[in-house]
Each structure stands twice: as structure tokens, then as C-alpha cells.
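The structure under discussion appears below in the form of C-alpha cells.
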Amino acid sequence: MESGRVVSVNLAVVRTDPFTRVKSGRSGIDKRPAGHPVRLEVGGVDGDTICDTKYHGGPEQAVYAYSVDDLDFWATELGRPVGPGNVGENLTLERVDCSHAVVGERWQVADAVLRVTGPRTPCRVFSGFLDVPDLIKRFFAAGRPGAYLAVEQPAAVSAGDPVTVLERPEHGVTVADLLAATAGHRELVPRIAQAREHLGPRGREWLDAVLAASRR
């Protein structure tokens, strides 16, 4: 299958700016390129910081990946540079379509093996960090969420490492589809139900709740 490359591996600089006060008062959304190999572990990225563990992090959101094509889209959309780490991603990749990755897809990044679990959902901290008041609405509309990944085989990765798609489930449900469904496009739910076994716990919980409500 297709292959790409790691542009950068990004780690958090903890911020306590006013935009963080809508939650805990601390945020690790500000990711900056590391100049050294970084281990991707089952529980997360070594050296990274997750402040809001209720909604972020954990094995199903161990790594967040975003493509340079999507960063370029936001640079045009916002009229200013948007570079590696600027949307809070751990891995900035090229020639890998993170936003249309199929849920359950498996990637090899250097010696690490990662599995796509779902999309990133925008929040007020993200909007405040980029200082774009209507960013949540625009992020949903753009359909470029990037991919959360679980780590199946931990290893160190660094800029320049190859990325290869090892396996792609036949159901075809992408992280962009899942984001759209959570935003209200319920016509996608039957398709997403076919991919249930590949969703992370949070995705399955959301899907089960939507299906249960539809039966009432």
C-alpha cells in the first residue's frame, strides 16, 4: 500500500494562557517539533503532556496525526502560517491522508505499528489556542480532523522515518465520516455501525447511544 514520511514528531509545551481556563487552566495543545527520536508507547507519546485526561489521551488516543496537506489548507483558510504541531498533533506526516484514513487501518511508522481509532473533535481550547472564535464550526465543516491512533507495537520514531499503510479494512468508514456523523449527519450511522469492531471504546459508546436512541 501507499507510503509516506514523518515530517516531525511534536511534543507539548504546557500553556496556562487565558484560553486554557475554559477547562483545567493548563493545556498541552501547543506541540513543537522535537529534535530527537521519540518513543510512541501504548499509553501515549513519551515526553508529551496531556492535561485534560477526561477527553484526551489514553490508549485509543495515544497519538494524534495530521498531514501537511491539511496544515496547508488551514494556512490558506486562516491567512497565516500553520506549521507542524500547530493543530496539536504529535505526528506531522506527508503523503498520508490522515483525515480520510479508514477506521481500523494499521500503519507502520519506523518500527512502531499504529492503528487508526477515530477523529479529533475540536474544542474551545483548540479555538482559543489558534485565536479563531469560530474554529469549531469551521473545523467540522472542513472535514479534515486528522487521526487518533492506538499503539500496537511501541518504538521510537523521528523526522524522516517512513510511514507505510499495512492494512485497510474493507468497510471503508473514514475518520472524516465518523466526525461528520457525530456532528449530526445521522444518515452515516448505518455505515459506521458496520465498522463498530474497529472503533475505540469512546466511538463504540457514542454509536451504541445513537442506535439506542433511534429505537425509542
Side-chain angles (χ1 to χ4, degrees), residues 1-2 4 29 40 42 44-45 50 52-71 73-74 77 87-93 95-107 109 113-127 130 134-152 163 165-215:
M1 290 189 178
E2 68 265 29
I29 195 171
L40 308 183
V42 171
V45 178
I50 304 294
D52 185 5
T53 56
K54 181 177 180 180
Y55 296 104
H56 302 286
E60 71 172 299
Q61 297 182 354
V63 181
Y64 177 44
Y66 211 69
S67 76
V68 290
D69 287 344
D70 287 341
L71 291 177
F73 168 85
W74 286 112
E77 181 79 7
V87 301
E89 81 275 15
N90 301 111
L91 294 180
T92 308
L93 307 179
R95 301 192 306 277
V96 179
D97 190 350
C98 301
S99 291
H100 294 92
V102 172
V103 177
E105 190 169 298
R106 296 171 71 244
W107 303 348
V109 183
V113 176
L114 312 177
R115 175 172 44 82
V116 175
T117 59
R120 186 258 196 85
T121 302
C123 64
R124 289 180 293 167
V125 170
F126 181 40
S127 178
L130 289 183
D134 63 346
L135 182 61
I136 293 175
K137 179 181 178 181
R138 291 166 75 172
F139 195 85
F140 274 112
R144 296 170 180 261
Y148 274 125
L149 302 130
V151 177
E152 293 187 345
V163 181
V165 177
L166 298 174
E167 178 185 358
R168 179 171 288 145
E170 294 183 358
H171 60 72
V173 174
T174 69
V175 291
D177 292 332
L178 188 51
L179 181 74
T182 61
H185 290 272
R186 295 296 193 255
E187 71 277 8
L188 295 172
V189 170
R191 281 190 59 226
I192 291 168
Q194 297 175 18
R196 186 182 186 281
E197 65 179 288
H198 295 286
L199 302 177
R202 291 169 181 168
R204 290 195 297 271
E205 182 180 2
W206 170 84
L207 176 62
D208 292 346
V210 170
L211 291 173
S214 69
R215 299 187 193 107

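Model, not experiment: these values are computed from the prediction.
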- Please list all pairs passing the ring-ring contact (aromatic ring centres under 6.0 Å, His included) test where one or both residues lie in residues 168-207, with sequence neighbours left out.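 The answer is His171-His198.
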- Item | Set of residues satisfying ring-ring contact (aromatic ring centres under 6.0 Å, His included) with respect to Tyr64, sequence neighbours excluded |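 Here the qualifying residues are Tyr148.
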- Message: Just to verify, what does Phe140 make a ring-ring contact (aromatic ring centres under 6.0 Å, His included) with, not counting sequence neighbours?
- Response: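 Not a single residue meets the ring-ring contact (aromatic ring centres under 6.0 Å, His included) criterion with Phe140.
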Residue list, salt bridge (charged side-chain N to carboxylate O under 4.0 Å, His left out) with [X], at least two apart or on another chain:
X: Arg204; result: none
X: Glu77; result: Arg138
X: Asp208; result: Arg196
X: Arg115; result: Glu152

Ignoring hydrogens and geometry, is there a side-chain-to-backbone donor-acceptor pair from [X] to [Y] under 3.5 Å?
X: Tyr66; Y: Arg144; answer: yes
X: Glu60; Y: Arg202; answer: yes
X: Ser127; Y: Arg124; answer: no

- Residue list, side-chain contact (heavy atoms from CB on, under 4.5 Å) with Ser67, at least two apart or on another chain: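 In terms of side-chain contact (heavy atoms from CB on, under 4.5 Å), with neighbours along the sequence ignored, Ser67 is linked to Asp69, Asp70, Cys98.
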- Identify, with sequence neighbours excluded, every residue that meets side-chain contact (heavy atoms from CB on, under 4.5 Å) alongside Ala101.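 Applying side-chain contact (heavy atoms from CB on, under 4.5 Å) to Ala101 gives Glu105, Trp107, Val116.
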- Item | Separation between CG of Leu211 and CD1 of Ile192, rounded to the nearest 0.5 Å | 10.0 Å
- Task: Just do the side chain to side chain contact (heavy atoms under 4.5 Å, CB included) check on Phe126 and Arg120 with the steps written out, would you?
- Result: CA-CA 11 Å; Phe126 181 40; Arg120 186 258 196 85; 3.3 Å; yes
What are the two closest heavy atoms between [X] and [Y], and how far apart are they?
X: Ser99; Y: Gly143; result: CB-O, 4.1 Å
X: Leu149; Y: Thr117; result: N-OG1, 4.0 Å
X: Ala65; Y: Leu93; result: CB-CD1, 4.1 Å
X: Val103; Y: Pro169; result: O-CG, 3.6 Å
X: Leu179; Y: Pro145; result: CD2-CB, 3.7 Å
X: Ala62; Y: Val151; result: CB-CG2, 3.9 Å

- Please report the C-alpha distance between Leu178 and Leu199 in whole Å, then the side-chain angles of each, then the deciding distance to 0.1 Å, and finally whether the side chain to side chain contact (heavy atoms under 4.5 Å, CB included) criterion is met. CA-CA 10 Å; Leu178 188 51; Leu199 302 177; 3.9 Å; yes
- Which pairs, with at least one residue in residues 181-192 and sequence neighbours excluded, count as a salt bridge (Lys or Arg N to Asp or Glu O under 4.0 Å)? Asp177-Arg191
- Message: Apply side chain to side chain contact (heavy atoms under 4.5 Å, CB included) to residues Leu91 and Leu114 and explain how you reach the verdict.
- Response: CA-CA 12 Å; Leu91 294 180; Leu114 312 177; 4.0 Å; yes
